[in-house]
Amino acid sequence: MNKLKSKKLRGLLLGAGFVAIAAFVFTGCPTQQNMLDRGDAAQKVYVAPGEHDEYYGFFSGGYSGQLSVWGLPSSRLLKVIPVFSQDPETGYGYSEETKPLFQTSYGFIPWDDSHHPHISQTNGDSDGRWIYINANNTPRIARIDLKTFETKEILELPNTGGNHASSFVTSNSEYVIGGTRFSIPYEQDLDVPIESYSDEFRGALTFIALDSETGQMDLEFQIVVPPYNYDLGRAGKGPSSDWVFFTTYNTEEAHTMLEVNASRNDKDFIAAVNWKKAAELVRNGHGKQMPGEYYHNYYPTNQGYAVSEVKNGVTVLDTRDIDEDFIYYLPTPKSPHGVDIDPTGEYIVGGGKLATVIPVHSFSNMIEAINNGRIVERIDGIPVLDYDATIIGEVENPGLGPLHTEFDGRGYAYTSVYISSEIVKWSLDTFEVVDRIDSYYSIGHLMITAGDNVNPDARYMVGLTKTAKDRYLPTGPKQNHPAQLYDISGDRMQLLLDFPTIGEPHYAQSIRADKIKPNVAQIYEMEDNDHPYAITRINENRVERNGNVVRVFMGATRSHFRPDNIEGIKLGDTVYIHLTNMEQEWDVVHGIAIKGMDNAEILVAPGQTKTIKWTPKRTGIYPFYCTAFCSALHQEMQGYIRVSAANSDVALTWKTGTN
Amino acid sequence: MKFITNIISIALLLFVLQACGGESADQSASNSNETQEQGLSAFELEHGIGPVSERLAVDAELDEEMINRGRNIYEMKCEMCHNMEGRMVGPALGDVMERRSPEFVMNMILNPGGMARNHPEGQKMLQEYMTVMPFQNVKEDEARDIVEFLRQQAENN
Ligand SMILES: [Cu+2]
C-alpha cells in the first residue's frame, strides 16, 4: 500500500521538486527557522580562550583536495592538512620528501577532489589513529596519521574511473574500500568506442587491506561488477560487520546525458558485499590476475623521503566466473546516493535521491532472503533479491532529494535532503518523520559527532552545504561553502551556528577530542631522526658537491641558519637545501625561502628535516631567510648564497659566525 | 633612550609571545618582579625553579660515563646556541658551573620558559640575550649528565 501511494506521489513530487529547485536557486529563502535564543546558542558554542573544544571535526576540502580540522562546538578552524593538492604554505608537494606522494600512473598530479574522510575504527567506533580520504578524480586513497596530522601514504586505485564510493573503513579497520563512480573498460588503457559501453565497460569495487599496527594500505583484490555508477559505500556494524554496501545508479547503462538517461529506472541497487567471503574466495584461488598499473606512495622510515612503488597486476573476483555468491543486489528506489548503516548494524538506509521515500532495508531480512532463495533474477551472476523481502520501511514525506543519513544511537535517523534544503529526523521504530529543520543552502552530507559509530555521541550535528548566497558578508560571485552546527541533544534539532569552510566540505567525521589529544606529537624527537640528510649535531653542518649536485646540510635554531654564508655555487648546479630544525620545543617552526627560487617555501617543525630543490638561473648574491616568525630576532635569521658562472673557479666554502 | 624602551617593549612582547612555551612546572605568571621574587623560596632564588627542588648529592670526583653521555646530548641539543667561551645565542657555558649550582643549571635546562618568566636571574638573562632558551626535550637524568660534562669543562678552563 505504501508503495502504491508513493508511486502516485512520486510524479507529483518530482514536478514540485523542479519548481522548488528553481524557486530555491532564485531566492534561497528558508521556510522554517528553529533557532535558539541568540544568547543560548552563543553560549552553547562558546569555548573560552585557552580552553579546548570537546570534538575534533575533520571536514574534507572537496575540490581543494585537502582535509580541514575543526574544533567543535566552537567551529574554529584548527588546521588544513594538505593531502591531494600541493600546498605552498607548508611546502607539501614541493619539498623533495613529499613529491613522491603525488606520483601516479598518470605522472605527477598536483590536485584532486577529496570527498569522504573516514577515521580508523576498533570494534565499530572511531579510534583516532588514522584518517583515510579518497581522491575522486584520479582514483586514490590517502592515509593521514593523527599523531602528526600529516599525510603519510597515498595509494592509487587501478582500473577505476572516479573513486567516489570511498574511503570507508570496516569496523575493525580490516579494509578500506574504493568504488568506481564512472564505469570504464576494466583494462583502463583499452581503446574502444564509447558506444560499446554495455559490452566493454565494467565497474570495480576495491578492497584494500589495512595493517593493524601501521594502518598501511595494501590493495588486496577488486571485484568487477556490471557497468553502473557505484556512488557511495559504508561498512556494516555489529551483526553486519562482515559486509560492505555500495549504492548504484545508472543501471540503465547510459553513457551520455546521464541526467535524463540514468534516471529512467524506478529502482537501482544497493550492492551488499560479504567481504569476508570475498577475501576467502581470493585466498582459495578464485581470483584471476589482471593487469593494472598503480602507484603506492609512502614513507618507509620515520623521517626522510616518501617512496613511490610502482605495482602492476591486481587480483580480481569476477562475478561472471565464480559460482559462489558473495555479492547481492538490493533493489532500491531511485538512483540512491548514500547508503548508511545504523549503529545496531540492522538498518541499511538508502538515500533515494530521486525517490519520494527513504527506503530502509533490514539486514536480518536480507540474510533471510538469501537463505530462502528470494532471488528475482541474476545479473552477471549477481543475485538480485526481492525488494519486498529486504525492505522494512519507507519513510514517507522526507522532502525532495534525500541523500545521506546519520544516526544518534537513540533510535533516530537524520537525513539530509538536497532539493528542499533541509534535514529530516525520523524514527527507526515507526519510520515516521518527527522533526525537520532548514539548511543554508542545499545540503549534501551531514555528520553527527562520533557518527557512523556503534556508539554515536550524538550531541551535535553538522550540515555540509553547497551554497552560501546571502549567509555572510558577500565576497564576490562565488562564496565559500558553509556548514551549519546543530544541537541534537534534545527532541528538536536546533541551529547554533553557520560558518564558512574551505573548499567544498563534502563529508566530515568527528571524534571526541580525548581519543586523539593525548597521542598528538609535539615535536619530532631528534634521537629518532633517520632522514638521510639530517644533521643531528650542529657542527655537522656542511656543503657537499658531487658533480653538479650540491647538498647543503643546514641547521636552524632561533635565530640563525648554519651555514649562513655559502660560496662556490655555479650556474648549472642543482642545489638541495636539507634544513633540519634543531629545536625540540613544541610549535617553534623555521622555514626557508631563497630569492628567485621557482618553488615554495618549506616549513620545518621542531626536530624535522625537509629538503628544497633550487636551480639558480642567474649569477649573483642570493639572500635567503627564515619564513617563520620564530623569535624576536627572526628578522636577523637570514643568509647569503653566492652564485657564480659555470666556468668560474670560486671555491666551495661555507661558514657561520665570524664576520 | 628610545632604543632602550624599544628593547624593553620587545622583551615584554617576548614574554607574551612565549608565555605558553615549555611545559614548565611553574605556570604562575605575575605582573611585577617584586611579587615574583616574593613568591620564590630561598632555594628557588639560588637554585632555580623547575623539577629540581632539593639539593643533589654531587660527588667531587667526575664520572667519565656521565661526562660522555652529557657531551653527546650537549652536541646534539645545545651547541647550536652556546659556546664554551664567548657569547652566542645564549651565554658562554665554559664557566657556568663556577657561577651556578648544578640544580640551577638543571632547572634552566628542564624549565627554561619558567625560568625566563618567573626567576629574577632568568629574567635578567632574557633581557640580555633577547631569546628564550627552548626546552630541548631533555630528561632529568640527561640534564644531570650535562651538568657533569659542564663541570668537566669548568675544570679544564
Ligand atoms: Cu626562524
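Throughout, protein chains are lettered first and strands after them, A, B, ... in sequence-line order, and every chain is numbered starting at 1. All values derive from a computational prediction rather than experimental measurement.
The contact list for residues 88-109 of chain B toward chain A, using heavy atoms and a distance under 4.5 Å, reads Met88(B), Val89(B) by residue number.
When the shell of 6.0 Å around CD of Glu527(A) is examined, it contains more than 12 heavy atoms from other residues, nucleotides or ligands. Counting heavy atoms of neighbouring residues, nucleotides and ligands inside a 6.0 Å radius, atom CD of Glu85(B) does not exceed 12 of them.
Between Val604(A) and Thr580(A), every side-chain heavy-atom pair lies at or beyond the 4.5 Å cut-off.
Checked options Tyr625(A), Trp654(A), Phe624(A); the residue passing with Phe561(A) is Phe624(A) (criterion: ring-ring contact (aromatic ring centres under 6.0 Å, His included)).
Residue with the most contacts toward chain A among Gln136(B), Lys77(B), Glu75(B), Glu79(B): Gln136(B) (heavy-atom pairs, distance under 4.5 Å).
Heavy-atom distances place the side chain of Thr557(A), and not its backbone, under 4.5 Å from chain B.
A salt bridge does not link Glu142(B) with Arg69(B): none of the charged nitrogens is closer than 4.0 Å to a carboxylate oxygen. Electrostatic pairing of Lys124(B) and Glu128(B) does not count as a salt bridge here, judged by no charged N lying under 4.0 Å from a carboxylate O.
One N or O on the side chain of Asp53(A) and one on the backbone of Ser74(A) form a donor-acceptor pair closer than 3.5 Å.
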